[in-house]
Asker: 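One structure, as C-alpha cells, below. Some questions next.
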Amino acid sequence: MTSRDKPRLRYFEEASGQRHITADDRYLYSREKPRYRANIIGTGTIGQEHMRVASMLDRIAIHGIYDERASSADVAAEEYSRHSEDTLLRYQDIESACSDPNADVLFICTPNFSHIDVLETAARSGKPIFLEKPMATTLADARRVVEIANDYPAFIQVGLQYRYKAAYVEARHEVLARKTLGAIKTIGMSEYRPPFLDKVGQWNKFAEYSGGTLVEKCCHYFDMLNLFAESEPERIYATGTQAVNFTRFEKDGKAADIDDCAMVVIDYKNGIHASFTLNMFCPHFYEELVICGEKGRLVASETFDFQRHNSANSRLKVELGELAASRYSDVAYTQPIEQSGHHGATFFEHVALADQLDGHSVDSATPLEGLWSIVIAAAAQESIKSGQPVIVDDFISHNELNPVLGR
Ligand SMILES: NC(=O)c1ccc[n+]([C@@H]2O[C@H](COP(=O)([O-])OP(=O)(O)OC[C@H]3O[C@@H](n4cnc5c(N)ncnc54)[C@H](O)[C@@H]3O)[C@@H](O)[C@H]2O)c1
C-alpha cells in the first residue's frame, strides 16, 4: 500500500497521548518519504497554505521558497517550522528558484498580474508547474498561458480548487456520473461573503492588478458552471457595482475600483441556462449550487460562519419527488484536512498534483479550462460596463482567442 491509499489517522498523529509512539511503532501515523520536491514562488496567504498542506500530505516536500519581499518569506519560513522539521532553502532571486535542479515542481503563488511574467521565467525550467488562479488578469495574457502550455514538455496545473470542495465533488458525482437528475436544464451558483482580505501591496483592490472581481474571485464559480454545463457559453449578461466595500480606500492616490456585488446570466450552447450571484458585504461565507434537471433538483451548499465555528458546514440535497428516493446529507472531509485550508479543497488539489506527477490522469484544471473561466468573467465584466449582452463567439474573435481554442 502506498501513501496514495494507505489510511492515516491524522487526528491522533499529533495528539498529546500519542507522542510517545516512536518511529518504529508508527504504522497508521507513519510518513512516507515524499517522492517530489517543490519550490514555492510567492509565500503570502496561499503560498503558506500550499506549504502547510504539502507537509501534511507528505507526497511533495517543500524544497525552497522565493518571495520578492523578505518579510513574507520570513513569516512563511517561521510558519513552516511549526509543522515541519525539514530544512527550507531560501533563494535570493526568481531564476535560481526556478532553475534549481533539485526541485521537481514549481508553485506560482504571486499576485494575479505577475503570473504571466513569473510563468515565462518558470517555463524556462521545463519542470511541471502549479499556477494559481486566475492564471492571468487579461485575455491576452491568458491566451499566452495556453500557448506556453501547448508547447510545454511538462504539465501546468491551474489552481481552480473549488472542484475539490466536498459538496461539489459529491454534486459532480450525482449529476455527471450517476446522472441522477437526467438532462440538466438550469444551474445557479451564488457566493455571499465578507470583503476581500488585506493583501501584500493591496493588489486585490484594483482591477488593473487583480483582473477585476469576477476574474479574481469568481473564476472559481465560472469553472464550476462550465464543468456542470459541459458546453461552451453562447451569451452572457451581467450587472454589478462597487456598492459598499472600499469606497473610501485609496492607495498612491488611486481609488479602489473593484465590484463587490454582481449578477451574471449565462446561456450555454446546449440550451442550459446558468446564473451566478455575488455579494461581498456579508458577515460570513455562504455558497450554493442549485441544479435542476428533468428528473429533480440538487442543492449543494457550504456555510462558514468563522465567528462561531472553525469548520465549514457542507450539505447536499438530492430531491427526486415521486420518482425515486431523495437524500438530505452532510458532506465533510476529516477535520484536520478541512482545517488545513479552503475546507479541504487545497489538500485534494495536492493529491491531484502528486497523482499527476506520478503520471496518472487527474481532473484538475488545465490552462484551457482556466482560459474558459476567464472568458466568462471578462465577458461578464464587459457586459456590466456596456449594459449589453455579450455574444461569446464575437468576444472570442475580437480577443483573438480562436487559435488557442482550436478553432
Ligand atoms: N486557489 C485559491 O482559492 C486562492 C486563494 C487565495 C489566493 N489565490 C491566488 O494566489 C495568488 C496569491 O494570493 P495571496 O492571497 O497569497 O496574496 P498575498 O498578497 O498574500 O501574497 C502574494 C505574495 O507574492 C509576493 N510577490 C509578489 N510579486 C512577486 C514576484 N514577482 N516574485 C516573487 N514573489 C512575489 C508578495 O511579496 C507576497 O508575499 C493570487 O493569484 C491569488 O488569486 C488563490
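These values consider heavy atoms only, across backbone and side chains, with no hydrogens, waters or symmetry-generated copies. Please read these numbers as outputs of a predicted model, since none were measured by experiment.
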Asker: Testing the basics here: between Leu278 and Cys218, what is the closest heavy-atom pair and its distance to 0.1 Å?
Answerer: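 Minimum heavy-atom separation between Leu278 and Cys218: CD2-SG, 3.8 Å.
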
Asker: Under the ring-ring contact (aromatic ring centres under 6.0 Å, His included) rule, collect the residues that match up with Tyr91, sequence neighbours excluded.
Answerer: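 Tyr91 satisfies ring-ring contact (aromatic ring centres under 6.0 Å, His included) with no residue once adjacent residues are dropped.
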
Asker: For the residue pair Glu230 and Asn270, confirm or rule out a side-chain donor-acceptor distance under 3.5 Å.
Answerer: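 No, because no side-chain N or O of Glu230 sits under 3.5 Å from a partner of the opposite role on Asn270.
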
Asker: Kindly say whether the aromatic ring centers of Phe196 and Phe246 come within a distance under 6.0 Å.
Answerer: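 Between Phe246 and Phe196, which both carry aromatic rings, the centre distance is not below 6.0 Å.
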
Asker: Of the non-hydrogen atoms in Glu369 and Ala365, which two are nearest, and what is the gap between them?
Answerer: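 Smallest heavy-atom distance, with atoms named: OE1-CA, 3.4 Å.
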
Asker: Between Arg37 (side chain only) and Asn102 (backbone N and O only), is there a donor and an acceptor less than 3.5 Å apart?
Answerer: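 Yes: the side chain of Arg37 pairs with the backbone of Asn102.
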
Asker: Under the rule for salt bridge (charged side-chain N to carboxylate O under 4.0 Å, His left out), what residues qualify as partners of Glu174, not counting sequence neighbours?
Answerer: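 Listed in chain order: Arg178, Arg327.
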
Asker: So, using salt bridge (charged side-chain N to carboxylate O under 4.0 Å, His left out) as the criterion, who are the partners of Glu400 when residues are at least two apart?
Answerer: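 By the salt bridge (charged side-chain N to carboxylate O under 4.0 Å, His left out) rule, Glu400 matches Arg143.
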
Asker: Within a strict 4.5 Å, meaning less than it, do heavy atoms of the Arg172 and Phe228 side chains meet?
Answerer: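 Sidechains of Phe228 and Arg172: in contact.
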
Asker: What residue pairs, at least two apart or across chains, pass ring-ring contact (aromatic ring centres under 6.0 Å, His included) with a residue in residues 124-167?
Answerer: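 Every pair satisfying ring-ring contact (aromatic ring centres under 6.0 Å, His included) with a residue in residues 124-167: His50-Phe130, Phe107-Phe130, Tyr162-His220, Tyr162-Tyr221.
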
Asker: Using the rule salt bridge (Lys or Arg N to Asp or Glu O under 4.0 Å), only one of Glu349, Glu338, Glu287 pairs with Lys165; which is it?
Answerer: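 For Lys165, the salt bridge (Lys or Arg N to Asp or Glu O under 4.0 Å) test succeeds with only one of Glu349, Glu338, Glu287, which is Glu287.
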
Asker: Using side-chain hydrogen bond (donor to acceptor under 3.5 Å, both in side chains) as the criterion, list what pairs up with Asp25, not counting sequence neighbours.
Answerer: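 Partners of Asp25 under the side-chain hydrogen bond (donor to acceptor under 3.5 Å, both in side chains) test: none.
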
Asker: Would you confirm whether Tyr168, through its side chain, and Met224, through its main-chain N or O, come within 3.5 Å as a donor-acceptor pair?
Answerer: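 A pair under 3.5 Å: no.
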
Asker: Any non-hydrogen side-chain atom of Ile65 less than 4.5 Å from a side-chain atom of Met51?
Answerer: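 In contact.
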
Asker: Counting only heavy atoms not in Phe281, do more than 12 sit closer than 6.0 Å to its CZ atom?
Answerer: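 Yes, enclosed.
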
Asker: Would a 4.5 Å heavy-atom cut-off, applied to side chains only, mark Ile384 and Leu214 as touching?
Answerer: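 Yes; the side chains approach each other to less than 4.5 Å.
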
Asker: Got more than 12 heavy atoms from elsewhere within 6.0 Å of CZ, Phe306?
Answerer: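 Counting neighbours around CZ of Phe306, more than 12 heavy atoms of other residues, nucleotides or ligands fall under 6.0 Å, so yes.
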
Asker: Working note: Arg144 + Glu120, criterion salt bridge (Lys or Arg N to Asp or Glu O under 4.0 Å); need CA distance, chi angles, decisive distance, verdict.
Answerer: CA-CA 9 Å; Arg144 178 75 193 121; Glu120 296 272 7; 2.9 Å; yes

Asker: Any idea which heavy atoms bring Leu368 and Val404 closest together, and the distance?
Answerer: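 The answer is CD1-O, 3.7 Å.
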
Asker: Would you please name every residue forming a salt bridge (charged side-chain N to carboxylate O under 4.0 Å, His left out) with Asp330, sequence neighbours left out?
Answerer: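 With sequence neighbours excluded, Asp330 shows a salt bridge (charged side-chain N to carboxylate O under 4.0 Å, His left out) to Arg315, given in chain and number order.
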
Asker: Mind checking salt bridge (charged side-chain N to carboxylate O under 4.0 Å, His left out) for Arg308 and listing every partner two or more places apart, or none if nothing turns up?
Answerer: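 Testing Arg308 for salt bridge (charged side-chain N to carboxylate O under 4.0 Å, His left out), a comparison that skips the adjacent residues, returns Asp305.
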
Asker: Give the minimum heavy-atom separation between Ala154 and Lys127, together with the two atoms involved.
Answerer: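 Distance-wise, the nearest heavy atoms are CB-C, 3.8 Å.
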
Asker: Rounded at 0.5 Å granularity, tell me how far NE2 in His273 sits from CD1 in Ile266.
Answerer: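 One finds 12.0 Å between NE2 of His273 and CD1 of Ile266.
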
Asker: Please report the closest heavy-atom contact between Ala378 and Leu139, naming both atoms and the distance.
Answerer: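 Closest approach of Ala378 to Leu139, heavy atoms only: CB-CD1, 3.8 Å.
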
Asker: I need the full list of salt bridge (charged side-chain N to carboxylate O under 4.0 Å, His left out) pairs touching residues 181-201, with sequence neighbours left out, sorted by first then second residue.
Answerer: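 Salt bridge (charged side-chain N to carboxylate O under 4.0 Å, His left out) check on residues 181-201 returns Glu191-Lys217.
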
Asker: Enumerate the salt bridge (charged side-chain N to carboxylate O under 4.0 Å, His left out) contacts for residues 380-396, please, sequence neighbours excluded, ordered by first and then second residue.
Answerer: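 Found Lys269-Asp393, Asp393-Arg407.
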
Asker: Applying salt bridge (charged side-chain N to carboxylate O under 4.0 Å, His left out) as the test, list every pair that has at least one member in residues 238-262; sequence neighbours left out.
Answerer: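 Salt bridge (charged side-chain N to carboxylate O under 4.0 Å, His left out) check on residues 238-262 returns Glu208-Lys254.
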
Asker: Going by atom type alone, with no hydrogens or angles, which donor-acceptor pairs under 3.5 Å involve a side-chain atom of residues 291-301 and a protein atom two or more places apart or on another chain?
Answerer:
{"residue": "Glu294", "atom": "OE2", "partner": "Ala183", "partner atom": "N", "Å": "3.1"}
{"residue": "Arg297", "atom": "NE", "partner": "Glu319", "partner atom": "OE1", "Å": "2.7"}
{"residue": "Arg297", "atom": "NH2", "partner": "Glu319", "partner atom": "OE1", "Å": "3.4"}

Asker: Test: ring-ring contact (aromatic ring centres under 6.0 Å, His included). Region: residues 362-407. Which pairs qualify, not counting sequence neighbours?
Answerer: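 The answer is none; no pair qualifies.
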
